[in-house]
Protein chains: 2
Amino acid sequence: METRLAPAPCPGPVAEGPPSRKRQQVIQAAAELFIAQGYGAVSMDAVARAAGVSKATLYAHFTSKDALFATIVGEAARQGPVEAAQMPAQVENVEAALRALGGKLLRFLLEPRTVAIARVAIAESARFPELGAAFLASGPMAFQTQVAIWLGRLHAQGAIHAPDADLAAQHLGALLRGTLHIEALLTPGFAPDEARIEAAVQGAVGAFLRAYAPQ
Amino acid sequence: METRLAPAPCPGPVAEGPPSRKRQQVIQAAAELFIAQGYGAVSMDAVARAAGVSKATLYAHFTSKDALFATIVGEAARQGPVEAAQMPAQVENVEAALRALGGKLLRFLLEPRTVAIARVAIAESARFPELGAAFLASGPMAFQTQVAIWLGRLHAQGAIHAPDADLAAQHLGALLRGTLHIEALLTPGFAPDEARIEAAVQGAVGAFLRAYAPQ
DNA sequence: GTCTATAGGCCGATAGAC
DNA sequence: GTCTATCGGCCTATAGAC
C-alpha cells in the first residue's frame with residue numbers, strides 16, 4: 001500500500017540469517033547481476049565471484065538460487081517511484097502540478113535500473129507468481145492508489161472533474177506511460193532525449209485535463 | 001542468426017533448409033514450449049522430444065538454440081493484432097466504432113498467448129536486441145500507425161478533433177491498455193472477467209472522446 | 001536426413017577441514 | 001562461518017552408422 005512514507009516500524013531481521021557483512025556483499029552483488037542479466041543467465045558461481053565469497057557461504061545464507069532471487073527482486077520492487085511530497089494537498093496550478101508529477105513518474109519509469117527490474121519481474125513472473133504480484137502491488141498499484149487519493153482531493157476542490165478517481169488515476173498513468181514504457185522494456189539501452197520525455201508529459205497532461213476538466 | 005524481416009509473400013521455402021515435415025514439427029513444438037516457458041527453461045532435449053525428432057535432426061535444421069528461438073519468436077510477433085477492416089473509412093457513430101476497435105485490441109492483448117509472447121520478448125530483448133525491435137515494430141507500432149491513419153481520417157471528417165493523429169493514437173492505445181496490460185504481464189494466468197474488460201473499454205473511450213471531442 | 005550414442009562443459013548444491 | 005574441492009546431473013552440440 002504505502003511506498004516509502006516512513007521507515008519500517010520493526011527494524012529487526014526478518015526472514016533468514018543475520019545481516020552479516022558477507023551477506024550484504026552477496027545481496028548487493030546478486031542484485032546487480034540479476035537485474036542486469038536476468039535469472040537464467042546468472043550462475044551461483046558468478047554471484048559468489050562478484051561478491052567475493054565462496055559458493056558454500058552463499059548457500060549458508062540462502063537456501064537456493066530461487067530463494068536468493070526472490071529476496072533480491074522483492075526488495076528491489078519495494079523502491080517506490082514517487083514520494084508523497086510530489087502530491088501537495090493544495091495546488092494553485094493544476095496543470096503545473098500534474099506536469100511535475102508526470103515528469104517525475106515518467107523519468108523514474110525510464111531509468112535503466114527501473115526498466116531492468118521490471119523486465120526481470122515480467123520475465124520470471126511465470127516461474128515466481130508471488131514475485132509478480134509483489135512487484136505489482138508495491139510498484140504500479142501503490143503509486144496509482146496514491147494518485148487516486150490525490151485526484152479525489154482535487155476533484156473535491158473543484159480543480160478537476162473526476163467522479164471516479166481510481167479510473168482517472170489509471171488514465172493519467174496510462175497517458176503518461178504512452179508507448180515509451182513498452183519501448184523501453186523492449187529496447188535494451190533505450191534512452192529517449194529530454195525533449196521527447198517533456199513532450200510526452202505535456203501531451204499526456206493536456207489530454208488528461210481535457211478529459212477531466214471541471215465542467 | 002536468421003531473423004526474418006519480411007513476411008513471406010506466399011508459400012514456398014523461406015530461409016534455410018526446405019520446409020520439410022520434420023522442420024514444421026520442430027517449429028510448432030518449439031513455439032509452444034518457448035512461449036509457455038521462456039528461453040532458459042526450455043532445453044533442446046525437450047524440443048526434440050515434443051517434436052518427435054532427435055536432437056541431431058534439430059541441429060540439422062537450426063544451427064543453435066539461439067537461432068531456433070529467434071526464428072520462433074520473430075514469427076510469433078508477426079501476428080498482427082487487428083485487421084484494417086476494424087477501422088472503416090466512414091463511421092456514423094464514432095463512439096461505437098472506437099468501442100469496437102478498443103474491445104478487439106484489449107481482448108487480443110489479454111489473450112494468454114499474446115501475453116506469453118510479450119513476456120518472452122521482453123524477457124529476452126536484452127539478449128536478442130533485434131528481437132525486441134522486431135516485436136515492437138510489427139506489434140505495437142504497426143497497430144498504432146494504422147490507428148493514427150484512421151484517426152487522421154476521422155479528424156479530417158470532423159468526427160473528432162485530433163490535429164496530432166499520432167499522439168492521439170498513442171493516447172487511445174494507452175487509455176485502452178490502462179493497467180490491465182501490465183497486470184497481465186505480471187500475473188500468470190491472469191483472466192479478467194468480461195465485465196471488467198468492457199468497463200475498461202468504455203472508460204477509455206469515454207476519456208478519449210472527452211479529450212478529443214470536436215470543439 | 002535421420003537416427004543412437006556420447007563428448008565435453010557448466011551448473012546447483014554439498015562434504016569436510018579449519 | 002568460511003573455505004577448498006568435488007559430486008552428480010543436465011545442458012548444448014557433435015560423431016558416425018544407416
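Note that this is a predicted model, so its numbers are computed, not measured. Side chains are part of it too, since the values below use all heavy atoms of this structure and drop only hydrogens, waters and symmetry mates. Quick note on labels: first sequence line is chain A, next is B, and so on, each numbered from 1.
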- Salt-bridge contact Arg113(B)-Glu32(B) (side-chain N to carboxylate O under 4.0 Å): no

- Query: Looking at residues 35-51 of chain A, who's got a heavy atom less than 4.0 Å off DNA chain D?
  - Reply: none

- Message: Please determine whether a side-chain nitrogen of the Lys or Arg among Glu183(B) and Arg177(B) lies less than 4.0 Å from a carboxylate oxygen of the Asp or Glu.
- Response: no

- Cationic tip of Lys65(A) within the cone over Tyr39(A)'s six-membered ring, i.e. under 6.0 Å and within 45° of the normal? yes

- Query: Do Arg107(B) and Glu194(B) meet the salt-bridge criterion of a basic N to acidic O distance under 4.0 Å?
  - Reply: yes

- Roughly how far, to the nearest 0.5 Å, is CG of Leu176(B) from NZ of Lys104(B)? 14.5 Å

- Item | Nearest-nucleotide pick for Ala56(A), side chain only, options being dT14(C), dA13(D), dG12(C) | dT14(C)

- Item | Separation between CG of Leu110(A) and CZ of Arg196(A), rounded to the nearest 0.5 Å | 9.0 Å

- Can a side chain N or O of Thr57(A) be found less than 4.0 Å away from OP1 or OP2 on dC3(D)? yes

- Among all residues two or more places apart in sequence or in another chain, which pass the ring pair (Phe, Tyr, Trp, His ring centres under 6.0 Å) test with His155(B)? His161(B)

- Item | Lys55(A) (side chain) and dG12(C) (base): donor-acceptor pair under 3.5 Å | yes

- Choose from dT2(C), dT12(D), dA13(C) the nucleotide whose nearest atom is closest to any side-chain atom of Lys65(B). dT12(D)

- Item | Nearest-Å distance for atom pair CG/P, residues Leu58(A) and dT14(C) | 12 Å

- Spell out, as yes or no, whether a donor-acceptor pair under 3.5 Å connects the side chain of Ser125(A) to the backbone of Leu185(B). yes

- Task: Kindly calculate the angle separating the two end axes of the helix from dG1(C)-dC18(D) to dC18(C)-dG1(D), each obtained from five base pairs, and round it to 10 degrees.
- Result: 10°

- Query: Between Tyr59(B) and dT14(D), does any side-chain N or O lie under 4.0 Å from OP1 or OP2?
  - Reply: no

- May I ask you to evaluate whether His61(B) reaches the phosphate of dT2(C), defined as a side-chain N or O under 4.0 Å from OP1 or OP2? yes

